[in-house]
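Step one of this worksheet: look at the structure below.
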Amino acid sequence: MSILEEIRKNVFDGDENNTVELVKKALDEGKTAQEILDESLVAGLRDCGAGFEKGEKFIPEMLLSSESMKVAMVVLKPLLLEGSGIGGAGKAVLATVEGDVHDIGLELVGTMFETAGFEVRNMGPDVPTEDIVEAVKEDKPHIVGLSALLSNTMDVMPDVIEALADAGLRDSVKVMVGGAPVKQDFADEIGADGWAYDAASAVPKAKELRAQLPD
Ligand code: B1M
């Protein structure tokens, strides 16, 4: 088994300590932070979700897997951020919508935004709509990025867009949406400005949207 496969298995098994040790070893062996992230950590969590669907994994095990990913990210994040000029590309407020505790994908989107030079306020998971509106009032970001992992919480996204409009803020920000159940047609349907499949493709989309706003 290659070291990347070994890390993937340890994330799946939810073994934090082994995951971190193997991540450090993989870096020593010359693997890049991005390779480890994509091929081991994200893949391991995907396997975990598949196990949950088949009834082979349960919530406590999913939590252990997500914790393994999070501790590994403590090692990888500084490497992913190396050389980025934070703030130059614009400002972003990110949140997972109310009722949804999934925050790993959002964290990755935030890291990729920072790598690309965005100043990011990551509000984390389960954020009430009114708190997102407040943050937009305070920070005046160019981008509001919303994440949802559950098919029922994606329905909170149009409420956020409506609340921004009601507060008179809709024209000053671009709203991007994403997360596993969220697709381009849903983004179009709810009047979001942009959608991205993953953290990597979220960056060019955010830059494209930023360019549509005045300086
Ligand atoms: Co939950 N969960 N979970 N879960 N969980 C899923 C999402 C699920 C697909 C598992 C499954 O059934 N296969 C399923 C949702 C089904 C559905 O509604 N369609 C599910 C369920 C059902 C639940 C509960 C309801 C289970 C229960 O209680 N019965 C419960 C919900 C609690 C709640 O939110 N109210 C629940 C709880 C949990 C844990 C707490 C145990 C844990 C979350 C821990 C945490 O995040 N801190 C957990 C986990 C770990 C998962 C899986 C296994 C992994 C999610 C993850 O982190 N993926 C997940 C299965 C899966 O995804 N295959 C599952 C890795 C991450 C990098 O990917 O988040 O998709 P992702 O983010 C990607 C893209 O989606 C995209 O870029 C990211 C990086 O490339 N993206 C954006 C995300 N946000 C974006 C925003 C953008 C652009 C792109 O622009 C702004």
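Because the structure is a prediction, the values reported are computed rather than measured. As the structure lists them, so they are numbered: ligands from 1, and atoms in each ligand from 1.
- Nearest to atom 86 (C) of ligand 1 among the protein's heavy atoms is Gly178 CA, 3.5 Å.
- Close approach of ligand 1 to Asp100 (heavy-atom distance below 4.0 Å) involves ligand atoms 34 (O).
- Residue Ala180 has at least one N or O atom closer than 3.5 Å to an N or O atom of ligand 1.
- Nearest-heavy-atom check against atom 73 (C) of ligand 1 across Ala50, Pro181, Gly105 picks out Gly105.
- For ligand 1, the polar-atom distance check against Ala199 finds a nitrogen or oxygen pair separated by under 3.5 Å.
- For Asp131, there are no side chain to side chain donor-acceptor pair (under 3.5 Å) partners, not counting sequence neighbours.
- Close approach of ligand 1 to Ser66 is summarised as follows: ligand atoms under 4.0 Å from at least one heavy atom of the residue are 44 (C), 50 (C).
- Here Glu6 pairs with nothing under the side chain to side chain donor-acceptor pair (under 3.5 Å) rule; sequence neighbours left out.
- The single protein non-hydrogen atom nearest to atom 17 (C) of ligand 1 is Ser151 OG, 3.5 Å, given as residue, atom name and distance.
- Residue-level proximity to ligand 1 for Val109 is carried by the side chain, the only part with a heavy atom below 4.0 angstrom.
- Of all heavy-atom pairs between Glu98 and Pro128, the closest is OE1-CA, 3.5 Å.
- Using a 4.0 Å threshold on non-hydrogen atoms, atom 79 (C) of ligand 1 counts as touching the protein.
- By the criterion of a heavy-atom distance under 4.0 Å, the side chain of Lys70, and not its backbone, is placed next to ligand 1.
- By the 3.5 Å distance cut-off applied to N or O atoms, Ser147 is counted among the residues near ligand 1.
- With respect to atom 56 (C) of ligand 1, the closest heavy atom belonging to the protein is Leu45 CD1, 3.9 Å.
- Under 4.0 angstrom from ligand 1, the non-hydrogen atoms of Val177 all belong to its backbone.
- Of the protein's non-hydrogen atoms, the one nearest atom 76 (C) of ligand 1 is Tyr197 O, 3.3 Å.
- For atom 13 (N) of ligand 1, the closest heavy atom belonging to the protein is Glu53 OE2, 2.8 Å.
- One finds a salt bridge joining Asp47 and Arg8 here, because a Lys/Arg side-chain nitrogen approaches an Asp/Glu carboxylate oxygen to under 4.0 Å.
- Screening Lys205, Arg170, Gln212 for a side-chain hydrogen bond (donor to acceptor under 3.5 Å, both in side chains) with Asp193, the sole residue that qualifies is Arg170.
- For the atom pair Thr32 OG1 and Leu79 CG, the distance stands at 9.5 Å (nearest 0.5 Å).
- In this structure, Ile143 CD1 and Arg210 CZ are separated by 8.0 Å, a value rounded to the nearest 0.5 Å.
- Protein heavy atoms are absent from the space less than 4.0 angstrom from atom 9 (C) of ligand 1.
- Counting heavy-atom neighbours within 6.0 Å of Lys9 NZ, excluding the residue itself, gives a total of 12 or less.
- Using a 4.0 Å cut-off between charged nitrogen and carboxylate oxygen, Glu107 and Lys70 do not count as a salt-bridge pair.
- For the ligand labelled ligand 1, residue Lys205 lies outside the 4.0 Å heavy-atom shell.
- Taking a cutoff of 4.0 Å between a charged side-chain nitrogen and a carboxylate oxygen, Asp28 and Lys24 do not qualify as a salt bridge.
- When only non-hydrogen protein atoms are considered, atom 89 (C) of ligand 1 lies nearest to Ala196 O, 3.4 Å.
- An N or O contact shorter than 3.5 Å links Asp103 to ligand 1 by distance.
- Listed for the Lys140 side chain is no donor-acceptor partner under 3.5 Å among the backbone atoms of Val173.
- Residues satisfying the salt bridge (Lys or Arg N to Asp or Glu O under 4.0 Å) test with Asp15, not counting sequence neighbours, are none.
- In terms of protein heavy atoms, atom 67 (C) of ligand 1 is closest to Leu108 CD1, 3.6 Å.
- Using a 4.0 Å heavy-atom cutoff, Ser65 is absent from the residues neighbouring ligand 1.
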_side chain to side chain donor-acceptor pair (under 3.5 Å) assessment of Asp188 paired with Gln184_ = CA-CA 6 Å; Asp188 294 341; Gln184 179 71 63; 2.9 Å; yes
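- Checking atom 60 (C) of ligand 1 against the protein gives a heavy-atom contact under 4.0 Å.
- Thr96 places a side-chain N or O within 3.5 Å of a backbone atom of His102 that can act as its donor or acceptor partner.
- When each of Leu94, Asp103, Val93, Leu106 is tested with Met123 by the rule side-chain contact (heavy atoms from CB on, under 4.5 Å), just one qualifies, namely Val93.
- For ligand 1, the atoms closer than 4.0 angstrom to any heavy atom of Leu146 are 86 (C), 91 (C).
- Checked against Phe113 for a side-chain contact (heavy atoms from CB on, under 4.5 Å), the options Asn122, Val203, Leu108 give a single hit: Val203.
- For ligand 1, the atoms lying closer than 4.0 Å to a non-hydrogen atom of Asp198 are 76 (C), 77 (O), 80 (O).
- Within 4.0 Å of atom 39 (C) of ligand 1, not a single protein heavy atom is present.
- With Lys174 contributing its side chain and Asp171 its backbone, the two residues share no donor-acceptor pair below 3.5 Å.
- When the options Leu22, Leu27, Ile36 are evaluated for a side-chain contact (heavy atoms from CB on, under 4.5 Å) with Ile3, the one that passes is Leu22.
- Under a 4.0 Å criterion applied to the non-hydrogen atoms of Gly145, ligand 1 contributes the atoms 91 (C).
- No hydrogens or angles considered: nothing links the side chains of Thr19 and Asn10 as a donor-acceptor pair under 3.5 Å.
- Protein heavy atom in closest approach to atom 81 (N) of ligand 1: Gly179 N, 3.4 Å.
- The distance cut-off of 2.8 Å around atom 1 (Co) of ligand 1 captures these protein N, O or S atoms, sorted by chain and number: His102 NE2.
- With His142 contributing its side chain and Lys91 its backbone, the two residues share a donor-acceptor pair below 3.5 Å.
- At a 4.0 Å cut-off, not a single heavy atom of Trp195 sits close enough to ligand 1 to count as contact.
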